[in-house]
Amino acid sequence: MDLRGLVDLLSHHLYSSPRVYLRELLQNAVDALTARHTLEPSAPAGSFGIRLYADGSEVRVEDDGVGLTEADVHTFLATIGRSSKRAEKIAEQRADFIGQFGIGLLSCFLVADEIHVLSRSARTPDASTVEWRGRGDGSYTVRTLPASARPRPGTTVTLTPRADADEWTRPVQVQALARHFGSLLRHPVSFSDGGADGPGIPVNPEAAPWERPYPTPGARSRALAAYGEEVFGFAPLDTIELDLPAVGLKGIACVLPEAVPAGRRHGHRVHVKGMLLSEQAEEILPEWAFFVRCVVDAESLRPTASRESLYEDDTLAAVRDALAERLRAWIARAAASDPDLLGRFLRAHHLAVKSLAVHDDEILRMLLPWLPFETTDGHCTLDEFARTHPTVLVTSSVEEFRQVAAIASAAGLGVVNGGYTYDRELVHRLPEIRPGAAVSDLDPATLTAHLDPVDRETELAAAAYLAQARDALAVFDCDVALRTFQPASAPALLVDSREARHERTRSQLAREQEGGVWGDILGALRQEAPRAQLILNQLNPLVRTAVAIDEPELARTSAEALYGQAALLSRRPLRPAESSLINRSFLDLLAHALRKDS
């Protein structure tokens with residue numbers, strides 16, 4: 001085979017970084033130890049281990065595992081990287097292993113041009129030592145050495161690093177990588193930078209924090225939180241223990257103390273049989289669970305070929321569903337027994353809970369009354385808002401809420417901003433939780449009905465101005481009305497529903513298609529659709545002055561200026577025609593003022 005081409009393929013397309021070479025060596029060593037314990041089940045725990053050595057000139061990984069016979073070497077190493085079918089018996093024997101012989105060892109060629117393997121089998125008492133040397137050009141040699149070449153069963157893999165691989169093979173880096181990948185391994189792993197003498201520095205001196213005994217539940221909670229902070233760099237709002245015996249999964253979920261942007265999914269640290277598989281495993285939790293980061297160790301999850309992510313199968317789907325249920329249960333416990341924790345959680349992660357409540361009736365019933373919403377009474381919970389406003393009105397967009405918030409509040413109307421993700425849908429479900437509440441969409445007619453009409457004499461006096469204003473704003477399909485409302489400082493209110501905006505789009509198409517079939521159809525639709533409304537406030541001094549204008553051009557300009565100011569206050573995006581109108585009306589009023597002064 002063309003081993004150089006295969007190594008290039010691995011380095012650029014399979015593995016994310018050359019650093020995985022050490023993980024692959026550790027993985028093979030762990031599998032060998034697993035097989036050794038199967039062979040000798042009565043051996044005391046910790047009697048077999050893994051030792052790493054790095055002094056700058058070589059990297060060596062030695063294990064006390066089951067070792068290889070000469071036949072094993074020819075079966076596994078001499079066919080390295082080949083896709084030959086393994087015997088079914090071998091596959092069954094290796095079901096408890098992390099990796100597979102062959103392709104993992106190839107990763108060593110990312111940092112070295114030659115791999116030297118010495119192995120002695122534990123299956124035969126007088127087994128010989130077998131030496132295998134593989135080179136980056138695809139050639140290899142196999143020979144049998146006396147048993148004294150490796151006095152004890154196991155395997156030693158030695159790499160002579162290339163000069164360009166110094167970044168990954170320096171002693172300090174090898175130790176860091178061993179700690180990174182192997183901190184939760186169940187077999188003892190040690191590191192030394194000065195040869196084989198001495199016990200070496202333990203890489204994984206303690207069991208996983210969820211496996212250790214603690215004197216009290218409080219001590220356990222503090223230890224898990226400290227571990228989460230060490231791993232992720234933040235002090236968790238709380239830690240949730242995860243335990244799925246069916247797949248041998250244990251770990252913790254750390255609740256983020258601050259909100260995260262909607263939809264951003266954090267990667268989770270996933271270990272398989274103690275070996276770190278990925279730090280960015282998004283697929284372990286559903287999308288709505290972006291308020292936690294997890295560290296888990298599992299027995300039965302299936303790695304991909306690169307062993308850097310998880311294979312999407314039925315087991316992973318079941319694990320994802322089960323972990324989601326654990327998160328729901330934690331929210332339920334907080335709601336039932338720890339209102340302070342629940343309050344801090346909702347202040348930070350109400351959006352995540354809203355996304356969950358949309359699809360989860362239990363969470364909806366439990367938490368909807370406590371979720372914060374933007375309302376005409378400020379930010380408050382629906383439970384507080386519904387006590388003050390038996391009828392809850394909800395807008396369909398943020399801009400509609402901003403248009404009407406001040407006026408509706410002054411009129412005593414209770415309006416919720418339904419323009420944010422999930423909010424409108426959730427507010428409409430409030431009657432399911434609070435039977436006495438009524439919820440309806442805010443209709444422009446509802447708002448205008450709560451604005452006081454002017455007396456007949458005032459309306460007759462303003463009729464000429466209102467007619468000129470309607471003519472000036474006809475291009476925007478906008479009607480004009482005169483009312484009184486608070487606050488008096490607001491000269492005008494632009495009530496511009498979604499239907500009215502759609503109508504303007506149809507009107508534009510009708511004008512462009514005038515005379516054709518589509519023009520007739522769109523024109524018929526335009527005649528029946530609602531229009532936007534510019535409502536002038538008679539209580540405002542500027543409006544009282546404007547409606548008394550008897551100069552037609554000045555009246556039109558003032559109406560355009562009032563429309564532009566109301567459109568700006570709505571904070572919605574302006575169309576080019578509206579931007580042009582605002583600029584033109586301002587300049588016209590300025591010119592009029594200058595002429596008057598002169």
Side-chain angles (χ1 to χ4, degrees), residues 20-40 43 46-54 58-81 86 90 93-94 96-109 111-112 114-135 140-160 169 174 177-178 181-182 185-192 195-196 200 203 273-275 307:
V20 300
Y21 82 92
L22 193 67
R23 183 198 64 196
E24 297 297 322
L25 290 177
L26 281 173
Q27 208 154 260
N28 283 345
V30 170
D31 286 346
L33 291 177
T34 301
R36 179 77 180 269
H37 278 287
T38 301
L39 187 66
E40 302 177 33
S47 55
F48 306 132
I50 302 169
R51 294 165 294 281
L52 285 73
Y53 306 97
E58 69 175 23
V59 175
R60 191 163 71 251
V61 178
E62 179 180 316
D63 67 68
D64 300 319
V66 71
L68 297 172
T69 65
E70 184 176 359
D72 291 333
V73 168
H74 284 288
T75 300
F76 297 120
L77 301 187
T79 59
I80 186 169
R86 307 297 192 202
I90 294 175
Q93 290 175 339
R94 308 193 68 252
D96 292 332
F97 298 164
I98 301 172
Q100 299 291 323
F101 285 114
I103 195 169
L105 197 60
L106 270 181
S107 66
C108 295
F109 286 118
V111 298
E114 183 175 284
I115 304 171
H116 179 222
V117 178
L118 279 179
S119 190
R120 180 177 176 181
S121 176
R123 292 189 174 92
T124 307
D126 57 349
S128 301
T129 300
V130 183
E131 179 193 63
W132 179 88
R133 288 183 183 272
R135 302 173 183 84
Y140 66 89
T141 59
V142 179
R143 63 174 181 160
T144 302
L145 302 177
S148 58
R150 200 184 192 290
R152 295 180 298 176
T155 300
T156 301
V157 179
T158 304
L159 309 178
T160 302
T169 57
V174 172
L177 290 176
F181 289 119
L185 287 175
R186 291 82 183 265
H187 305 287
V189 182
S190 64
F191 170 82
S192 173
V203 169
K273 299 180 178 69
M275 184 69 70
R307 293 190 285 281

Which atoms form the tightest heavy-atom contact between Thr129 and Ala147, and what is the distance?
OG1-O, 3.5 Å
Can a side-chain donor-acceptor contact be found between Arg150 and Thr156 if the only test is distance below 3.5 angstrom?
yes
Indicate yes or no for a side-chain donor-acceptor contact from Arg133 to the backbone of Glu114 under 3.5 Å, with no hydrogens or angles considered.
no
Do Glu70 and Ser128 get their side chains close enough for a donor-acceptor pair, meaning under 3.5 Å?
no
Given side chains that start at C-beta, do those of Val157 and His116 come closer than 4.5 Å, heavy atoms only?
no
For Val130 and Thr69, work out which heavy atoms get closest and say how close.
CG2-C, 4.0 Å
Minimal non-hydrogen separation, Gly67 against Asp72, with atom names:
O-OD2, 4.3 Å
Can you tell me if Thr155 and Ser119 form a side-chain donor-acceptor pair at under 3.5 Å?
yes
Might you work through the side chain to side chain contact (heavy atoms under 4.5 Å, CB included) test for Glu62 and Thr158, ending with a clear yes or no?
CA-CA 9 Å; Glu62 179 180 316; Thr158 304; over 6 Å; no
Minimum side-chain heavy-atom gap Leu118-Leu145 below 4.5 Å:
yes
Polar contact flag, side-chain donor to acceptor under 3.5 angstrom, Asp31-Thr34:
no
When the ring centroid of His37 is compared with that of Phe48, is the distance short of 6.0 Å?
yes
Do Asp64 side-chain atoms and Gly49 backbone N/O form a donor-acceptor pair below 3.5 Å?
yes
Minimum heavy-atom separation for Thr160 and Ala112, please, with both atom names.
O-CB, 3.5 Å
For Trp132, is there any backbone N or O sitting under 3.5 Å from a side-chain donor or acceptor partner on Arg143?
no
Does Ser107 reach the main-chain N or O of Glu24 with its side chain, forming a donor-acceptor pair under 3.5 Å?
no
Any side-chain heavy atom of Val66 within less than 4.5 Å of one from Arg123?
yes
Minimum heavy-atom separation for Pro188 and Gly46, please, with both atom names.
CG-O, 3.9 Å
Shortest non-hydrogen contact from Ser190 toward Val203
C-CG2, 4.1 Å
